Amino acid sequence: MRQEYSLNAKQKEAIETLEGPVLVIAGAGAGKTKVITERIKNLIASGLDPSSILAVTFTNKAAGEMRNRLNAAADLFIGTFHALGLLIIKENVIRLGISKNFSILDEDDAIKLVKECIVALSLNPKEFDPGRIKNNISRLKNKLMTPEKFIADGFFAEKLEKIWAAYEVEKQKQHFLDFDDLLIKPVLLFQNEKNTLEKYQNKWKYIHIDEYQDTNEVQYMLVKMLAEKYKNIMVVGDIDQAIYSWRGADFRNVLNFQRDYPGAKVITLEENYRSTDIILEAANFLISNNRARLPKNLWTKNKGREQIKVIFSEDERKEAEIVAKEVAYLSQTVPLKNMAMLYRTNAQSRSLEEALLQHGIPYKIIGGVRFYERREVKDILAYLRLIQNQNDTISKKRILNVPPRGIGKAASLKILGNFSNITRAEKQKKEEFELLIQGLKQDSLELGTHECIKKLIKKIGYRAYIDDGTEKGMERWQNIEELLGVAKKLNGGLSEFLEHVALFSVDDRYDAFGENRVSLMTIHTAKGLEFEAVFVVGLEEGLFPHALSISSDDVEEERRLCYVAVTRAKSHLYLTLAGRRTIFGERIANTPSRFLKEIPENLLMFINKPEEIEENIIIE
DNA sequence: AGTAGACTTTTTTTT
DNA sequence: AAAGTCTACT
């Protein structure tokens, strides 16, 4: 992905400004990663101790790429906000009153815990959807709100507060931190202990923040605190690529940078080194429909040879079929690994996959049902979490009878401590289970994680349990083998392994130089990547922009998402749409996305365009 | 305690 | 349409 070109004047200015606050506004493909890495190189070349440099990225993938470009050796922190938070927490567990054996709750388990709290409060989980409640809690936490400070107005808010309070208590009891805690705890620590904050301020004197438009309030606070003393901070961002507001991100942080850091130098990078002029012009027209933005006009020296192809098809199957055929055709000149199919929702990958299989085109899905969330993987991880943190009842509950060892619902409740009328047989089962965990704990102290997991699988007979000879069973076993592979590669202790599993997701495995396959992923996942040929599928009202964003009046974020999608393409761009689509097993007729109409027709080449696209609704 | 079949939910995006 | 959850029966 490295761009081989000499630096332009603006880029030079950015990488040669080594002191003070700097805001770099960098459009898509303008070389922002290059600016950060080159500036870090300059800092090190000027004699600065690398360990006083901090670089925070939005994804692990971006962090990995940055580290590659810095030729690995340099000893500095490059990582996500969550990894940074975890580092600070681990160095201050005692001050924070957190058990050393804490575990990180993944989103799944966090929602489970919320559900338990809802049930414990005698509320109906159907009325108070655990996932939605968890979202609400998360949004509030990311604004540094607490259940105590929260002023509940109205029935729902009152219940929310109760559930939230119970959730926090339960987390404390079971030695859990959720993703939000990884950011909040350091901020609270710094607010309460100025000398601790100062220690970190003195440690990280030169701070770099990537994707600043996607920082939320806690992240913003954390950065502000760390940068306050020396004010050597470079943030890089692009408001037009802000696509995480639903997660609490606030692109106004970019707009406020000059207010927060008076005298900040502002550098705007507008020359794009990625796409053709045709693709860029389309992107510029599209995004100019947004009101909330800073005027910016990306330009390029790349002359495009082909228009953007807009392909209409009857339904999602035909859409996938055409896309697969086009990929096969393109593959004569463009390697598969330089092509990507991008979609709004994960569910769309299915039809694409089927068509690719039929055509025998190798592909890989990035993201989707995430690896660490697969049932068999979670089972094994639950054992490991319980070994590490005996207070973790979420994991205990999960594996008490997995594989089946005669502990049913009733016995399970008693063993988890809710009842005292335990029978002799149940008591024995309980003791056997405890013995098993103790034994495994001993193994984990004596063996490396890889060996430890192998022994665990053997002891509980897990392979026989999941690998039943069917194709699915084989696949499950393969996932376990992959997990073993991760453990072997990491070659560290159990807690290190569990941390890795908690903070790194599958998309981190994406490798631009790896196997020759087409990539399939959501547009969110594609942020920061680039491909010779890009297929953006499903450009229909209701899907993209998504119906939920239309009803909540947030189409501008969808448009930014479309802008991100379009600007991933270097030379070939395809926009496809279907007249009807199966959603929830129901055939739905769709009209073309408004985004298509926002691109001037002279940049487009229509294929299979129906006579009257507006009246493309057919009653079946 | 374990399972087959009914019933329900899913699909917005994720560190 | 498919996967997950619940229920009632063995």
Side-chain angles (χ1 to χ4, degrees), chain A residues 56-63 79-86 104-108 110-112 115 125-126 129-132 134-135 138 142 177-183 211 214-216 218-219 242-249 316-317 342-351 354 366-370 372-375 400-401 403-412 423 425-426 429 472 499 501-508 521-527 538 542-552 554-555 557-558 560-562 564-565 581-588:
Chain A
V56 181
T57 59
F58 190 70
T59 62
N60 294 302
K61 192 168 51 205
T80 63
F81 272 106
H82 291 84
L84 174 65
L86 179 62
I104 300 167
L105 265 185
D106 65 36
E107 202 54 28
D108 251 32
I111 291 170
K112 266 189 197 163
K115 189 177 177 187
K126 277 184 184 149
D129 176 64
R132 270 190 58 204
K134 173 66 185 49
N135 253 345
S138 198
N142 279 313
L177 295 180
D178 65 17
F179 281 134
D180 304 323
D181 293 328
L182 296 181
L183 306 172
E211 310 277 14
D214 282 323
T215 48
N216 65 28
V218 197
Q219 293 167 336
I243 55 175
Y244 282 93
S245 77
W246 52 275
R247 219 169 77 184
E316 75 271 17
R317 269 191 54 222
L342 309 182
Y343 35 79
R344 179 65 181 83
T345 67
N346 276 306
Q348 287 166 262
S349 68
R350 197 180 203 116
S351 48
E354 275 165 17
I366 324 280
V369 182
R370 284 175 281 287
Y372 294 126
E373 283 170 20
R374 304 241 159 96
R375 185 169 54 111
L400 209 45
N401 201 29
R405 48 176 74 92
I407 301 176
K409 217 197 285 172
S412 167
T423 67
E426 284 163 354
K429 295 250 166 72
K472 273 239 164 94
E499 262 165 36
V501 164
L503 289 188
F504 288 73
S505 58
V506 186
D507 70 82
D508 305 325
M521 66 191 99
T522 65
I523 301 163
H524 282 87
T525 305
K527 185 156 96 153
L543 183 61
F544 196 18
H546 198 277
L548 289 174
S549 75
I550 298 171
S551 62
S552 63
D554 203 11
V555 174
E557 176 139 320
E558 296 283 302
R560 290 192 291 268
L561 195 54
C562 191
V564 168
R581 191 174 287 277
T582 309
I583 298 169
F584 298 146
E586 213 183 335
R587 310 274 290 156
I588 304 285

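Throughout, protein chains are lettered first and strands after them, A, B, ... in sequence-line order, and every chain is numbered starting at 1. Keep in mind it's a predicted model, so treat the numbers as computed, not measured.
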Ranking dT15(B), dA1(B), dT14(B) by distance to the side chain of T525(A), first place goes to dT14(B)
How many whole angstroms separate atom NZ of K61(A) from atom P of dT15(B)? 8 Å
Does the side chain of T215(A) come within less than 4.5 Å of F81(A)'s, by heavy atoms? yes
Residue pair D180(A)/D129(A) against DNA chain B: nearer the 5' end by closest nucleotide is D129(A)
Under a 4.0 Å heavy-atom criterion, the protein footprint on nucleotides 1-10 of chain C, written with B, S and -, is BSS--S----
Looking for any heavy atom pair under 4.0 Å, which part of the strands does F544(A) touch: base, sugar-phosphate only, or nothing? nothing
Ignoring the backbone of E107(A), work out which of dG2(B), dT15(B), dT11(B) is nearest its side chain. dT15(B)
Reckon H546(A) touches a base, only the sugar-phosphate, or nothing at all at heavy-atom distances under 4.0 Å? sugar-phosphate
Mind checking A547(A) for me? I need base, sugar-phosphate or nothing, with any heavy atom below 4.0 Å counting as a touch. nothing
How about CZ on R317(A), more than 12 heavy atoms from neighbouring residues, nucleotides or ligands closer than 6.0 Å, or not? no
When you get a sec, tell me which of dA1(B), dT14(B), dT11(B) is the closest nucleotide to the side chain of I583(A)? dT11(B)
Distance, rounded to the nearest Å, where E557(A) contributes CD and dT13(B) contributes C1': 9 Å
Closer to the 5' end of DNA chain B via nearest nucleotide, is it F179(A) or S412(A)? S412(A)
Can you tell me the distance, in whole Å, between the CZ atom of R132(A) and the P atom of dT10(B)? 11 Å
Partners meeting side chain to side chain contact (heavy atoms under 4.5 Å, CB included) with K134(A) (sequence neighbours left out): E107(A), A110(A), I111(A), V114(A), S138(A), Y167(A), D178(A), D180(A)
Can you confirm whether L543(A) sits close enough to Q348(A) that some side-chain heavy atom of one is under 4.5 Å from a side-chain heavy atom of the other? yes
Does a side chain donor of either S549(A) or E557(A) reach within less than 3.5 Å of an acceptor in the other side chain? no
Mind checking the P distance from dT13(B) to dG4(C)? Whole angstroms is fine. 16 Å
Write down the distance between NZ (K429(A)) and C1' (dG2(B)), rounded to a whole number of angstrom. 13 Å
Would you mind reporting whether T57(A) and E211(A) have side-chain heavy atoms less than 4.5 Å apart? no
Can you tell me the distance, in whole Å, between the CZ atom of F58(A) and the C1' atom of dT14(B)? 8 Å
Within this structure, what is the CE-to-P distance between M521(A) and dT13(B), rounded to whole angstrom? 15 Å
In whole Å, what is the span from the NE2 atom of H524(A) to the C1' atom of dT13(B)? 4 Å
Send over the distance from D106(A) CG to dT14(B) P, rounded to a whole Å. 15 Å
Touch class at under 4.0 angstrom, heavy-atom based, for Q348(A) against every strand present: nothing
Are any of the side-chain heavy atoms of I243(A) and V564(A) separated by less than 4.5 Å? yes
Tell me which nucleotide among dG2(B), dT15(B), dT14(B) gets nearest to the side chain of T80(A). dT15(B)
Taking only the side-chain heavy atoms of R247(A) (C-beta and beyond), determine which of dA1(B), dT15(B), dT13(B) contains the nearest atom. dT15(B)
With a 4.5 Å cut-off on side-chain heavy atoms, are D554(A) and S245(A) touching? yes
